[in-house]
Protein chains: 2
Amino acid sequence: MSNERTVPATGPRRARGRPPATARREQIVDAALEEFAEHGFHNSSLAAVAERVGLSQQGLLHHFPTKESLLISVLSRRDEIDDAEFGELSDLDRLRDVVERNTGRPGVVRLYTLLSAEGLAEDHPAGDYFTERFAALRVRLADALRAAHGDRLAGGATPEQAATLLIAAMDGLQLQWSYAPGAVDMPDLMGVLTDVLRGGETGDRAD
Amino acid sequence: MSNERTVPATGPRRARGRPPATARREQIVDAALEEFAEHGFHNSSLAAVAERVGLSQQGLLHHFPTKESLLISVLSRRDEIDDAEFGELSDLDRLRDVVERNTGRPGVVRLYTLLSAEGLAEDHPAGDYFTERFAALRVRLADALRAAHGDRLAGGATPEQAATLLIAAMDGLQLQWSYAPGAVDMPDLMGVLTDVLRGGETGDRAD
């Protein structure tokens, strides 16, 4: 849970005053997250990640023997970032907040969009991760919706259907938003969808 | 509109009886569509596409000098497939039908999901294509919604908001469905969303 973070996310190179191994690993993972977000997993190289943290490729291999092992750590890191948020998914308004926060981190959004699609390719190392993540997220969100809104939402939608649709809309909005941040108001649209699913009015929502 | 299709999509190799150049080009584009759908654009090679149609790489370069030029043709080909469908988007029920049809072509769905995400990477040749495609699709669907349902849908959602959400849900459902076809009933979920946006009941929808 609490990870002893002692170095900045991707701070300047530190030839001297080397951070201990754990901090170094975190530094590498954050750099990889940025590299993957920019170029996708397949198009990224360990050499480029190493360069971002001022290591030789050999030095990086000491911490992460393969690009796949680094990817798994990047995905776990992203889950850590998300968990604090999705953990509190007690009602639909929280979902809008999560989306709101995502507008402030376009790199992480792009990373997620890219990797979740890349994971569909045959034998991609992130394939199992996303299969399990989506299944778990659907259950978790459906449980939260049932607890807050009962067995039926607007139009007779079940919590399971609403959960799958909300996750889908979130993912699809991130894709459209990444192409046109100015034209797609993600939090507002998420607010519209949650309002509609609750059977409420959208127009007069207070900000 | 009608394209004189004389060869099967990706038929068996034809060492003899070479098809004319146009048919050959179509054959290559269909093979590339399959190759890209399986491995994504960046991870596909012209050599693999050439092999699928029984050509040497040199032979393929005669028709498509670069992988990028082939990609543009693949995207146009996909638009041809889609256009007949999206062209008739007169009401929300049609949208469910489009999704229904997509369940029968997982390869094309995966191709679209992969390429639309890959396009976000810096300098990706499909970037402009998707930026324009999403913008045009939002306008087109919003116009159709306004014509059919007026200026407000359920909960006060505007046709523009509903259009963006519908496209997002479609894209997000394709992603979840590609990971778990058995667990995500795309057409049914699209039906739920369109019903909710119309302010109707979902439970008793006739199939």
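The chains referred to below are lettered A, B, ... by the order of the sequence lines, with proteins before strands, and numbering in each begins at 1. In what follows, every heavy atom counts, from backbone to side chain, and hydrogens, waters and symmetry copies are set aside.
- Rounding to the nearest 0.5 Å places CG of B:Leu165 at 5.5 Å from CG of A:Leu193.
- Each of B:Ala135, B:Gly127, B:Gly119 has some count of heavy-atom pairs under 4.5 Å with chain A, and the biggest count is that of B:Gly119.
- Note that OH of A:Tyr179 is 10.5 Å distant from OH of B:Tyr129, once rounded to the nearest 0.5 Å.
- Rounded to the nearest 0.5 angstrom, B:Gln176 CD and A:Asp171 CG are separated by 6.5 Å.
- Counting heavy-atom pairs closer than 4.5 Å to chain A, the top-ranked of the candidates B:Ala180, B:Ser116, B:Ala183 is B:Ser116.
- By number of non-hydrogen pairs under 4.5 angstrom with chain A, the leading residue of B:Val184, B:Thr131, B:Asp185 is B:Thr131.
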Stepwise side-chain contact (heavy atoms from CB on, under 4.5 Å) check, A:Phe130 with B:Leu175: CA-CA 10 Å; A:Phe130 281 107; B:Leu175 180 65; over 6 Å; no
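- Note on B:Thr158, B:Leu173, B:Leu120: by heavy-atom pairs under 4.5 Å with chain A, the leading option is B:Leu120.
- By number of non-hydrogen pairs under 4.5 angstrom with chain B, the leading residue of A:Leu114, A:Thr164, A:Thr113 is A:Thr164.
- Contact of A:Ile167 with chain B is made through backbone and side chain together, with heavy-atom distances under 4.5 Å.
- Counting heavy-atom pairs under 4.5 Å between each of A:Gly172, A:Ala168, A:Ser178 and chain B puts A:Ala168 at the top.
- Side-chain contact between B:Gln161 and A:Asp188 is present, with heavy atoms from C-beta onward closer than 4.5 Å.
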